[in-house]
Amino acid sequence: MPELPEVETMVREVRPALVGRTIREATLSHTDVLRGVTGRRFLTTLRGARVEQVTRRAKHAVIRFGAHRLVVQPGMTGSLQTQDAPLSTAQRRYAVLRARLDDGRLLIYRDIRRIGTLRLLDERGWRAYEARLGPEPLDPSFTPAELGVAFARTRQAVKKALMDQRLVVGVGNIYANEALYAAGIDPSRRADRLDDSSIERLHAAVVRILTAAIESEGSTIRDYQTGTGQPGSFQLELKVYDRQGEPCRQCGTPLAGTHAIDARMTVFCYRCQGRRVGEVGEVMK
DNA sequence: ACGAGGTCCTGCGAGC
DNA sequence: TGCTCGCAGGACCTCG
């Protein structure tokens with residue numbers, strides 16, 4: 001599931017193939033991924049557009065051309081890729097957006113479950129959209145103090161707060177689990193009640209893990225592919241995600257799994273993360 | 001204002 | 001073996 005490292009990876013990989021290129025032709029297999037724009041207007045705007053910039057903001061890939069930005073939010077199974085060769089039948093099946101470039105290459109947005117979204121925003125729309133997003137965790141200006149201020153705004157469990165894109169962007173379920181484990185923090189603790197030392201550890205863990213995951217081109221659990229269609233490799237370094245019931249790599253205690261926080265799978269170690277039994281809902285093995 | 005829970009969408013694995 | 005069912009979940013929405 002593309003979080004910050006996965007989106008950063010695909011953006012870095014498609015950028016060289018896209019910048020300076022003009023889109024000659026574009027087609028959509030489904031329009032249910034579009035938000036705030038009709039298929040007709042979306043395709044009309046893309047045709048003839050010259051790509052000026054390809055960047056990442058939060059978990060979005062942002063392709064800028066002239067007055068517009070194509071904002072790609074890959075959701076669970078989306079990825080942005082460029083292709084030299086014609087698409088195989090299997091590739092074609094999930095290629096939601098196909099855009100032919102002026103050098104003959106193909107830009108595709110591939111998405112199996114289509115939880116992902118495509119937006120076409122003008123300058124004003126983009127400013128409004130971006131205003132709702134929190135700070136970038138890998139920006140040098142992102143400090144433990146800033147994280148603390150963000151956390152003070154919510155009474156939610158720290159895991160949910162960490163995934164709240166208004167407080168800090170880019171962290172989804174995988175890296176929230178990993179960062180909390182690395183920092184030794186109980187995921188169910190209220191974000192606004194963490195002490196300074198915990199916030200510092202969590203801040204450091206988020207930065208370190210996201211950076212390492214980018215170096216490994218992201219985590220491929222099931223569907224994620226990089227901008228060249230390859231899997232990432234950070235899944236090999238995950239300590240807790242998808243490991244419920246398996247031994248903690250630090251102390252050997254079987255890792256616990258629960259859906260008690262925000263109905264999403266939380267995996268943690270009772271011993272290393274100091275969880276108080278029964279504080280939040282039922283815990284599964 | 002905040003939090004809980006439903007919704008989208010498809011593939012896959014568990015269970016019968 | 002073949003089917004059904006529930007789960008995976010990021011962001012957004014409605015309801016209480």
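All values below come from the heavy atoms of this structure, side chains included, with hydrogens, waters and symmetry mates left out. Sequence lines set the chain letters: A, B, ... in the order given, protein chains first and strands last, and positions in each chain run from 1.
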* Asked: According to the side-chain hydrogen bond (donor to acceptor under 3.5 Å, both in side chains) rule, which pairs have a member within residues 155-164 of chain A, sequence neighbours left out?
  -> K159(A)-N173(A), K159(A)-T266(A), D164(A)-R166(A)

* According to the side-chain hydrogen bond (donor to acceptor under 3.5 Å, both in side chains) rule, which pairs have a member within residues 32-44 of chain A, sequence neighbours left out? -> D32(A)-R114(A)

Can you measure [X] atom [atom1] to [N] atom [atom2] for me and round it to whole angstrom units?
{"X": "H30(A)", "N": "dC9(B)", "atom1": "NE2", "atom2": "P", "result": "9 Å"}
{"X": "D111(A)", "N": "dA8(C)", "atom1": "CG", "atom2": "P", "result": "19 Å"}
{"X": "I261(A)", "N": "dG5(B)", "atom1": "CD1", "atom2": "P", "result": "14 Å"}
{"X": "R114(A)", "N": "dT10(B)", "atom1": "CZ", "atom2": "P", "result": "4 Å"}
{"X": "R110(A)", "N": "dT10(B)", "atom1": "CZ", "atom2": "P", "result": "14 Å"}

* Among R47(A), R98(A), R100(A), find the residue that satisfies the side-chain hydrogen bond (donor to acceptor under 3.5 Å, both in side chains) test when tested with E25(A). => R47(A)

* Taking the six-membered ring for Trp, are F268(A) and Y270(A) parallel (under 30°), tilted (30 to 60°) or perpendicular (over 60°)? -> perpendicular

Quiz question: by atom type and distance under 3.5 Å, do the side chains of [X] and [Y] form a donor-acceptor pair?
{"X": "Q81(A)", "Y": "S79(A)", "result": "yes"}
{"X": "E217(A)", "Y": "T226(A)", "result": "no"}
{"X": "S197(A)", "Y": "R201(A)", "result": "yes"}

* Assign R93(A) to base, sugar-phosphate, or nothing according to its heavy-atom contacts below 4.0 angstrom with the strands shown. => sugar-phosphate

* Classify the nucleic acid contact of D32(A) as base, sugar-phosphate or nothing, counting any heavy atom under 4.0 Å across all strands shown. => sugar-phosphate

* **salt bridge (Lys or Arg N to Asp or Glu O under 4.0 Å) involving D192(A) - partner list, sequence neighbours excluded** => R190(A)

Distances for protein N or O near nucleotides 1-4 of chain B N or O, under 3.5 Å:
residue: dG3(B); atom: OP2; partner: Q156(A); partner atom: NE2; Å: 3.2

* D122(A) with R124(A): basic N within carboxylate O range, under 4.0 Å -> no

* Charged N to carboxylate O below 4.0 Å: is that the case for E136(A) and R57(A)? -> yes

* Asked: Hey, does the side chain of Y94(A) come within less than 4.0 Å of dT10(B)'s phosphate (OP1/OP2), counting only N and O?
  -> no

* To do: Note the angle between the end axes of the helix from dC2(B)-dG16(C) to dC16(B)-dG2(C), five pairs defining each, rounded to 10 degrees.
  => 50°

* To do: Quick one, give me the B/S/- string for nucleotides 9-16 of chain C, reading 5' to 3', where B means a protein heavy atom under 4.0 Å from the base and S means that only happens at the primed atoms, P, OP1 or OP2.
  => BBBS----

* Asked: How long is the span from the CG atom in L4(A) to the OG1 atom in T9(A), to the nearest 0.5 Å?
  -> 9.0 Å

